[in-house]
Structures are given as C-alpha cells and as structure tokens.
Amino acid sequence: MTNSDHGGLARILNFDALTCAAMGLFLLLGSGPIAGITAIPATLLFYAGAILIPIAIYMALVARAGTGSPLAVWLVILGNLGWVVASVALFGVIAPNGLGVALILGQAAVVGLLAWLEYRAWRGISARARVTA
C-alpha cells in the first residue's frame with residue numbers, strides 16, 4: 001500500500017466529512033425554513049443535522065488516521081449506505097412536497113456516490129495489499 005493509495009481514500013473521506021458537516025449545519029440552522037419549503041418536519045431535519053456533526057468528525061478522524069483500519073473505513077461505507085436506505089424509507093413515514101422529495105433523493109444520491117467511491121478506493125488498497133503480501 002502506497003501513501004498515494006491511502007491519500008486517495010483519505011481525500012474522499014475528507015470530502016465526505018466536509019459535505020456531512022455542511023449538511024449538518026444547514027439542517028441544524030435552517031430546519032424551520034427548510035421545513036416550510038419542503039414539507040419535511042422541522043424536528044426530523046434538526047435531529048438529522050445534529051447526527052451529522054459527530055459523523056463528520058468521525059469521518060475526518062478516519063481520514064486523518066491514515067485509513068489503515070478496515071473496520072473504521074467499513075463503518076463509514078456501511079453508515080453511508082444505511083443513510084441512503086433510511087432516506088428512501090422516509091417516504092413511508094412522511095409526505096414531503098416536490099422540493100422535499102428532491103432534497104431527500106438528491107442528498108441520498110450524493111451519499112450513495114460517496115459510499116461507492118470510498119468502497120472502490122478501499123477495494124483498490126485491499127487488492128494491492130494482497131498482491132504485495
């Protein structure tokens with residue numbers, strides 16, 4: 001495993017952490033107005049934002065630690081996939097308007113893409129490690 005292998009994954013994890021923190025702050029600080037234009041309950045938006053802040057910190061710590069822990073990286077990937085599933089499952093619980101549907105699906109698509117990029121980067125590191133072992 002070269003530093004550039006880890007660097008690619010670390011960059012993706014850092015970007016994931018940054019977008020996670022930005023969305024968390026957006027939802028925390030704007031839950032009322034966002035609820036008004038999306039028909040997504042403000043309480044749901046607020047607590048989703050609150051959850052995202054420690055998740056973002058965890059992702060940044062994993063990236064900073066050199067991404068050497070398979071468990072830590074897999075926790076990020078599976079956590080992202082869980083977020084996508086939970087986002088889509090919201091449609092069985094709430095009734096957002098068109099803008100709310102776009103917000104939910106848009107952020108789920110971004111999180112899903114990040115999970116896929118993280119998986120590909122981790123798989124590449126793992127495959128190269130097996131070859132050189």
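Only a predicted model underlies this, so the values are computations on that prediction, with no experimental measurement involved.
- The shortest heavy-atom contact between Ala63 and Leu13 is CB-CB, 3.7 Å.
- Both Leu90 and Ile34 belong to a single network of hydrophobic side chains, linked directly or stepwise wherever heavy atoms of I, L, V, M, F, W or Y lie under 4.5 Å apart.
- Of all non-hydrogen atoms in Ala21 and Ile53, the two that sit nearest each other are O-CD1, 3.8 Å.
- In plain terms, the two heavy atoms of Ala108 and Ser87 that are nearest each other are CB-CB, 4.0 Å.
- Put simply, Val85 and Val93 are part of two different groups of oily side chains (I, L, V, M, F, W, Y) that touch within less than 4.5 Å, one to the next.
- With rounding to the nearest 0.5 Å, the separation of CD1 in Ile37 from CG in Asn97 is 8.5 Å.
- Under a cut-off of 6.0 angstrom, the local environment of CZ in Phe15 is sparse, with at most 12 non-hydrogen atoms contributed by other residues, nucleotides or ligands.
- Shortest non-hydrogen contact noted between Ala35 and Ile40 is CB-O, 3.0 Å.
- Within the 4.5 Å cutoff, no side-chain heavy atoms of Pro96 are placed close to those of Thr38.
- A chain of hydrophobic side-chain contacts below 4.5 Å, direct or via other Ile, Leu, Val, Met, Phe, Trp or Tyr residues, connects Met59 to Trp122.
- Atoms CG and CZ, from Asn14 and Arg64 in turn, are 9.0 Å apart once rounded to the nearest 0.5 Å.
- To the nearest 0.5 Å, atom CD1 of residue Ile77 and atom CZ of residue Arg120 are 12.5 Å apart.
- Panel note: side chain Asn80, backbone Leu114; no donor-acceptor pair is recorded below 3.5 Å.
- Remark: Phe91 CZ is packed, more than 12 non-hydrogen atoms of other residues, nucleotides or ligands lying under 6.0 Å away.
- Proximity of Phe46 to Pro41: side-chain heavy atoms (C-beta onward) are nowhere separated by under 4.5 Å.
- Between the OH atom in Tyr58 and the SG atom in Cys20 there is a gap of 12.5 Å [rounded to 0.5 Å].
- Hydrophobic clustering (ILVMFWY, side-chain heavy atoms < 4.5 Å, transitive): Leu52 and Leu105 are in one cluster.
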- Message: If you apply the rule side chain to side chain contact (heavy atoms under 4.5 Å, CB included), what do you find for Ile55 with Val76, and how did you get there?
- Response: CA-CA 9 Å; Ile55 292 170; Val76 172; over 6 Å; no
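- Between Ala121 and Leu9, the shortest heavy-atom contact is CB-CD1, 3.8 Å.
- Under the 4.5 Å side-chain heavy-atom criterion for Ile, Leu, Val, Met, Phe, Trp and Tyr, Leu78 and Ile125 are members of the same hydrophobic cluster.
- Heavy-atom minimum distance, Ala48 versus Leu27: CB-CD1, 4.1 Å.
- Here Trp74 contributes atom CH2 and Ser69 contributes atom OG; the two are 12.5 Å apart, rounded to the nearest 0.5 Å.
- Val73 is not listed as a side-chain neighbour of Tyr119, based on a closest heavy-atom distance of 4.5 Å or more.
- Distance check, rounded to the nearest 0.5 Å: CE of Met23 to CG of Leu103 gives 5.0 Å.
- Checked by atom type and distance alone, the side chain of Asp16 never pairs as donor or acceptor with a backbone atom of Ile12 at under 3.5 Å.
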